[in-house]
Amino acid sequence: MAAVAVLLAAPVVRAAGKTLKIGFAQTGAESAWRTANSESMKSEAAKRGIDLKFSDGQGKQENQIRAVRSFITQGVDAIVIAPIVETGWDPVLREARRAKIPVILTDRTIQTSDDSLYACFIGSDFYEEGRMAADWLAKRAGGKGSIVELQGTPGSAPANERRKAFADGLAKYPGLKIIDSQSGNFERSGGKQVMEAFLKKHGKAIAIVYAHNDDMALGAAQAIEEAGLKPGKDIIMVSIDAIKEAVAAVAAGRLNCTVECNPLFGPKVFDTAKKILAGEKVPKKMYNKDELFDDTNAAKVLPTRQY
Ligand code: GZL
């Protein structure tokens with residue numbers, strides 16, 4: 001058994017000078033966050049002369065798995081995956097390991113029976129983001145109000161963790177109650193449609209919107225305005241990502257709080273890939289630092305926002 005373990009564990013060290021070929025299985029193009037993340041990966045690869053094989057999963061795990069299999073057939077040096085959902089990855093990760101191609105998970109984590117199937121994770125701490133959102137709301141909403149929640153993609157790590165963290169964070173505030181929760185799939189149109197349904201069902205009982213990302217919050221804000229109400233004033237708006245449009249909306253008082261989830265980690269991904277291919281050890285999980293923007297700081301930081 002030991003012999004097999006040594007064989008499988010042997011790191012692939014790439015010949016110096018050869019153009020690095022990296023396959024990237026992206027989730028899709030569902031949000032402004034995703035666009036910025038794809039741009040960060042593509043522009044950084046171009047800057048470094050890396051041959052990036054980019055695959056848009058169009059929101060489907062089977063497309064991502066197909067792309068990973070194609071990368072293996074092409075014999076890429078490393079594979080990067082932004083796994084759209086948490087489960088179902090072990091078989092294709094085992095195929096990558098058999099081909100001795102290291103896999104870096106970015107953006108979203110997975111549930112796996114064998115952590116050694118991937119080299120490392122680079123992304124944000126979604127539970128911390130949900131906690132920060134709940135903490136902000138508990139301080140600013142006077143401890144009471146009916147909340148409607150716009151969830152991200154079902155089964156995705158950000159949706160699962162942001163939902164759990166927010167509920168955990170509000171557990172000690174019985175006056176702050178989630179009265180409805182539905183997925184808008186991280187899309188602006190989804191946020192608008194779900195909010196229209198919530199307004200029809202709950203009307204003026206809605207005091208707070210908690211959206212798992214800014215695109216859905218901005219879609220919900222549009223629905224609220226079309227219903228003759230003022231988002232940010234009649235209804236408190238809390239979301240996550242801190243895309244430039246949302247930070248501007250917070251500065252204008254149309255949203256009230258957005259928790260950052262930085263997508264610009266292309267440089268970190270390729271630095272890490274280089275280390276792994278050189279046989280260096282890297283940390284298993286690398287979390288990006290995220291801040292919170294509300295009426296106290298949004299206008300000030302807006303000119304510096306990069307995505
Ligand atoms: C978070 C990322 C989420 C963003 C959404 O790292 O997976 O997916 O919060 C995006 O905007 O669609």
Side-chain angles (χ1 to χ4, degrees), residues 24-41 56-61 63-64 80-87 89 104-111 120-134 149-166 182-194 209-221 237-247 249-250 255 257-266 268-269 285-293 305-307:
F24 176 35
Q26 179 59 294
T27 63
E30 73 281 358
S31 61
W33 187 97
R34 189 64 54 196
T35 305
N37 181 246
S38 294
E39 181 46 35
S40 173
M41 292 288 285
D56 175 346
Q58 295 176 331
K60 291 188 169 58
Q61 181 181 29
N63 292 342
Q64 290 192 293
V80 179
I81 307 173
I84 185 164
V85 292
E86 291 194 272
T87 56
W89 294 98
I104 294 174
L105 298 182
T106 64
D107 166 23
R108 298 181 182 179
T109 48
I110 64 170
Q111 288 171 18
C120 64
F121 164 76
I122 297 169
S124 284
D125 180 341
F126 304 133
Y127 189 89
E128 175 59 9
E129 291 167 350
R131 189 202 63 74
M132 287 164 75
E149 181 184 31
L150 301 172
Q151 291 185 39
T153 304
S156 68
N160 292 339
E161 291 181 49
R162 287 169 184 173
R163 173 166 173 68
K164 183 170 181 341
F166 189 76
Q182 201 180 321
S183 174
N185 205 30
F186 284 131
E187 293 170 339
R188 196 163 302 209
S189 57
K192 184 170 187 289
Q193 283 151 22
V194 172
V209 170
Y210 169 52
H212 290 185
N213 83 330
D214 292 337
D215 284 71
M216 293 191 292
L218 291 164
M237 308 291 288
V238 183
S239 72
I240 297 175
D241 275 353
I243 61 172
K244 190 176 264 185
E245 188 183 352
V247 176
V250 170
L255 299 183
C257 163
T258 179
V259 176
E260 187 181 30
C261 176
N262 196 313
L264 308 180
F265 41 77
K268 199 187 277 187
V269 170
K285 296 208 183 233
M286 285 173 258
Y287 288 112
N288 303 321
K289 204 180 99 31
D290 291 324
E291 293 182 64
L292 179 146
F293 303 109
R305 298 303 296 165
Q306 295 170 52
Y307 65 91

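Counting starts at 1 for both ligands and their atoms, in listed order. Every value quoted in this text rests on a predicted model; they were computed, and no experiment measured them.
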How far is [atom] from the closest protein heavy atom, and which atom is that?
atom                    : result
atom 1 (C) of ligand 1  : Asp107 OD1, 3.3 Å
atom 12 (O) of ligand 1 : Glu30 OE2, 2.5 Å
atom 8 (O) of ligand 1  : Arg108 NH2, 2.8 Å

Can you sort out which atoms of ligand 1 are near [X], meaning under 4.0 Å from one of its heavy atoms?
X      : answer
Phe126 : 1 (C), 6 (O)
Asn213 : 5 (C), 9 (O), 11 (O)
Pro158 : 7 (O)
Cys261 : 1 (C), 6 (O)
Ser31  : 5 (C), 10 (C), 11 (O), 12 (O)

Assess Glu161 for proximity to ligand 1: is some non-hydrogen atom of it under 4.0 Å away?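 In this structure, Glu161 fails to qualify as a contact of ligand 1 - no heavy atom is under 4.0 Å.
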Is Asp241 in contact with ligand 1, taking contact as a heavy-atom separation below 4.0 Å?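 For ligand 1, residue contact (heavy atoms, under 4.0 Å) with Asp241 is present.
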For Arg305, does its backbone N or O pair with a side-chain atom of Lys244 as donor and acceptor, under 3.5 Å?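 Side chain of Lys244 to backbone of Arg305: a pair is present.
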Which heavy-atom pair separates Tyr210 from Ala133 by the least distance, and what is that distance?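 Closest heavy-atom pair between Tyr210 and Ala133: CE1-CB, 3.8 Å.
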Kindly give the heavy-atom pair with the smallest separation between Asn185 and Thr153, and that separation in Å.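 Minimum heavy-atom contact is OD1-OG1, 2.8 Å.
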Test: Glu128 and Arg131 ion pair at under 4.0 Å: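 Answer for the salt bridge query: yes.
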Looking at Glu86 and Arg108, does any basic side-chain N land under 4.0 Å from a carboxylate oxygen?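 No salt bridge links Glu86 with Arg108.
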Exactly one of Asp107, Asp214, Asp56 should register a salt bridge (Lys or Arg N to Asp or Glu O under 4.0 Å) with Arg34. Which one does?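 When Asp107, Asp214, Asp56 are each tested with Arg34, the salt bridge (Lys or Arg N to Asp or Glu O under 4.0 Å) holds only for Asp107.
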For the atom pair CG (Asn213) and CZ (Arg162), what is the distance rounded to the nearest 0.5 Å?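 Those atoms lie 7.0 Å apart.
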Tell me which part of Glu187 gets within contact of ligand 1: side chain, backbone, both or neither, using heavy atoms under 4.0 Å.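 The answer is neither.
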Residue pair Cys261 / Trp33, side-chain heavy-atom distance below 4.5 Å: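 With C-beta onward as the side chain, the pair touches.
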